[in-house]
Amino acid sequence: MKRTHNCNELRPEHIGQTAILCGWVHSRRDLGGVIFIDVRDREGRTQTVFDPSDLTSDVFAQASGLRGESVVRVTGRVRARPEGTRNPKIPTGEVEVLARELEVLNLAEPLPFQIDEPEAAARVNEEMRLQYRYLDLRRPEMARNLRLRHKVATAARVYFDEQGFLEVETPLLFKSTPEGAREFIVPNRREPGTFYALPQSPQQFKQILMVAGVERYYQLARCFRDEDQRADRQLEFTQIDVEMSFVERADIYAMVEGLLKRLWKVALDLEIATPFPQISFAEAMDRFGIDKPDTRFGMELCDLTAEFRGSTFKVFSGAVASGGVVKALNAKGLADATQGQIETMTGIAKSFGAKGLAFIKVEGGEWKSPIVKFFTDANKAALQRLLAIEEGDLILFAADSWLNACEILGKIRLYAADVLKSTGRLSLPPDRFDFLWVIDFPLLSFDKENNRWYSSHHPFTAPVPEDLPLLRTDPRKVRGQHYDCVVNGVELGGGSIRIHRPEIQKTVFEDILQIPSDVARARFGYLLEAFQYGAPPHGGIALGFDRLLAILCGTPSIRDVIAFPKTAKGTCLMTQSPAAVDPKQLRELRLELKVPPKE
RNA sequence: GGGGGUGUAGCUCAAUCGGUUAGAGCGCUGCCCUGUCACGGCAGAGGUUACGGGUUCGAGCCCCGCCACUCCCGCCA
């Protein structure tokens, strides 16, 4: 037998038994006469004792020559630790294994970085951790993340099974659909010059599955997007992909709320409140300046357009005169913002095309600002009332088009919150989760540069039924049946009720998005055709599984919840991918490089 | 594509204004140690300061370039 117990199993009731433990040498304490070796496996650790009076000299010599993280098999008798030497820090601390035999299964070289001391190990450069990922994953935090990921995935599958969903796998070798994210393409050896593409999401397949009568589909689906990366974005990632037939928006909300309630219970033993509040896109922008608001703190945006319509301060009145708005937010307690912080905020405003950023510092009982001299007493009273101004506050203004003003202040709101957090003046409880649905997004947005409409979400999103007549007359006003699920300012996922009638889908492709009909047919013909043979009304959602895990694990980076993530440049430091391929492989594919081949 | 940050011993970091032989903790090697659990003690080895140029009497430090990692903007239907 290779082993009889794991390293988190032995208790006083095992005393007297012979145990065989296998695992890694977590730490070795050589006292000269006696050697203690903590053997660790994924369940925990157990102290083994090597006492020369009970051992052959070569076993003792072997034990004294072990290095940390070597893999061993220890056979011995379980016994109670002597009085006063018990270790209450570990569950097996009441007992120890008096070793009789030691088998060194793999002697480890000195490690490139230490993993036995959690605080030191957590600070190791990520480059090093990624190169030696197998060592990094031995750390308890990372092992916990892997285990939690498994637990959450399993809980999701159980939930979907209970709800009558089928998990259906969809192809990874798909075809290019140039709308949306840049794709990874895969050359087809059988017909040189043609290519597969890896899916950005299984969107079209899951809709086809609805036409196929599956009714309730889900998949923990791997997706690929060849875009630049972030802490919360990888080239390949996993989404909980769902589609349902014969549903309206409320059915999707209830299904997702039930799922998240289950997952939060399983992962964190927390009861989250459902149903989630719903907020329209317009209200989210108006109050928080962003379509994924973090509602755990206030500092909401305030509209002052009416107050400054006739102001002698031309920057404000001018903005109103040209159809814009004046908005402000109160960054509570930030009157002591440094020059650099003010410059950062001004930079945010300028990045949206504003000329500058007006602000008021409330210090020493007075409003310090170059623009206060333009304010009437009525202006000041309105500010005081609407923004609840107190000593130590910092008031920031944006006078611009509605969307721009909202976005500027939305960014500044988050920046101000970060500053307040880093100085300990704003703290958010780690077990607080503000879920909400953002709804009523505009179906379409207008691209000024290319003078055309494009889908805010994707071209399969159904319009809100009562807005359907506006599609040809006033596209800007058409709301989509699209919804985003947001928690603590993070977009967890989004979806929509889809178009299931071929003539409406055709109108969106050809008349609204201006995709020529032959192109639309080449790209989406099979979908339009499928819709002609009995397509049920349907809708769905996709939740970012990695982001969800990052939130549950309390880490800012999804790399911490992915076993083998890629770097910001898309490389794998452990396997050194991507790499050059053999010229023979290129010849087979009829591909020729225009850059010198890399070694 | 653009902007910011980082890069010094195996790891984590220090090195005053540009000035002597680049230091510390951990790890590693050797010796001592029979109840430790981050064991302890003594001794020792270990450096192309990411890389390539430049300025200077003198560069880890300043300048130019470049590489890697990272955060952000663009991008992510």
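Just so we're on the same page: letters track the sequence lines, and every chain starts at 1. As a basis for the values below, the full set of heavy atoms in this structure was taken, side chains included, without hydrogen atoms, waters or symmetry mates.
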> Flag yes if more than 12 heavy atoms outside A:R476 fall under 6.0 Å of its CZ atom; otherwise flag no.
no

> Could you pull out all donor-acceptor pairs under 3.5 Å where a side-chain atom in residues 55-65 of chain A meets a protein atom, sequence neighbours excluded?
| residue | atom | partner | partner atom | Å |
| --- | --- | --- | --- | --- |
| A:T56 | OG1 | A:D58 | OD1 | 2.9 |
| A:S64 | OG | A:A61 | O | 2.9 |

> From CZ of A:R45 over to C1' of B:U36, roughly how many Å is that when rounded to an integer?
12 Å

> Using Watson-Crick or G-U wobble geometry with both distances under 3.5 Å, which nucleotide pairs with B:G40?
B:C32

> Measure CD/A:Q114 against C1'/B:G10 and give the value in whole Å, please.
9 Å

> Do A:R233 and B:C75 have a side chain to base donor-acceptor pair shorter than 3.5 Å?
yes

> Tell me if a side-chain donor or acceptor on A:N6 pairs with a main-chain N or O of A:E9 at a distance below 3.5 Å.
yes

> Do A:E183 and A:R225 meet the salt-bridge criterion of a basic N to acidic O distance under 4.0 Å?
no

> Can you confirm whether more than 12 heavy atoms, excluding those of A:K175, are under 6.0 Å from its NZ atom?
yes

> Between A:K206 and A:D241, is there a salt bridge with N-O shorter than 4.0 Å?
yes

> Remember a base hit wins even if backbone is also touched, and classify A:A181 as base, sugar-phosphate or nothing at under 4.0 Å, heavy atoms.
sugar-phosphate

> Write down the partner of B:A68 under the Watson-Crick or G-U wobble criteria, each distance required to be under 3.5 Å.
B:U6

> Which nucleotide in the set B:G35, B:C11, B:C69 lies at the smallest distance from any side-chain heavy atom of A:L573?
B:C69

> Expressed in angstrom and rounded to an integer, what is the separation of A:I90 atom CD1 from B:C37 atom P?
12 Å

> Pairs under 3.5 angstrom only: tabulate donor-acceptor contacts from the side chains of residues 511-522 of chain A to other protein residues two or more places apart or in another chain.
| residue | atom | partner | partner atom | Å |
| --- | --- | --- | --- | --- |
| A:D511 | OD2 | A:R472 | NH1 | 3.4 |
| A:D511 | OD2 | A:R472 | NH2 | 3.2 |
| A:Q514 | NE2 | A:D511 | O | 2.8 |

> Which of residues 121-131 of chain A have a heavy atom under 4.0 Å from RNA chain B?
A:R123, A:V124, A:N125, A:E126, A:E127, A:M128

> Check each residue of residues 52-79 of chain A for a non-hydrogen atom within less than 4.0 Å of any atom in RNA chain B, then write out the ones that pass by number, or none.
A:R67, A:R79

> Please report the shortest heavy-atom distance between A:R67 and A:P110, naming the atom on each side.
NE-CD, 3.6 Å

> Can the ring centroids of A:F36 and A:F50 be said to lie less than 6.0 angstrom from one another?
no

> B:G3 C1' sits how many Å from A:K350 NZ, rounded?
15 Å

> Atom CZ of A:R29 and atom P of B:U36: how far apart are they, to the nearest Å?
10 Å

> What is the distance from CG of A:D136 to C1' of B:G10, rounded to the nearest Å?
16 Å

> Please list, in numerical order, the residues of residues 222-230 of chain A that have a heavy atom closer than 4.0 Å to any atom of RNA chain B.
A:R225, A:E227, A:D228, A:R230

> Who are the salt bridge (charged side-chain N to carboxylate O under 4.0 Å, His left out) partners of A:K350, not counting sequence neighbours?
none

> Could you state the CD-C1' distance from A:Q234 to B:U70, rounded to the nearest angstrom?
13 Å

> For B:A24, what is the paired nucleotide under Watson-Crick or G-U wobble rules, both distances under 3.5 Å?
B:U12

> B:C37 base to A:R81 side chain: any donor-acceptor pair below 3.5 Å?
yes

> Would you say A:K569 places a side-chain N or O within less than 4.0 Å of OP1 or OP2 belonging to B:A68?
yes

> A:E96 near the nucleic acid: base, sugar-phosphate alone, or nothing, with a heavy-atom cut-off under 4.0 Å?
base

> Using a heavy-atom cut-off of under 4.0 Å over every strand shown, decide if A:P112 touches base, sugar-phosphate, or nothing.
sugar-phosphate

> For residues A:P202 and A:A221, report the shortest heavy-atom separation together with the two atoms involved.
CG-CB, 3.6 Å

> Classify the side-chain pair A:Y483/A:D440 by whether it contains a donor and acceptor separated by less than 3.5 Å.
no

> What is the nucleic acid contact for A:T85, judged by heavy atoms within less than 4.0 Å: base, sugar-phosphate only, or nothing?
base

> Could you check which nucleotide pairs with B:A50 in any of the strands shown, counting Watson-Crick or G-U wobble with both distances under 3.5 Å?
none

> Touch check for A:T461, heavy atoms < 4.0 angstrom, all strands: base, sugar-phosphate only, or nothing?
nothing

> Indicate, yes or no, whether a donor-acceptor pair under 3.5 Å links the base of B:G10 to the side chain of A:E109.
no

> Any Lys/Arg nitrogen of A:E179 or A:R523 sitting under 4.0 Å from an Asp/Glu carboxylate oxygen of the other?
yes

> Both A:T571 and A:P459 contact RNA chain B. Which one's nearest nucleotide lies toward the 5' end?
A:T571

> Take the protein atom CD of A:Q47 and the nucleotide atom P of B:U36, then report the distance between them rounded to whole Å.
10 Å

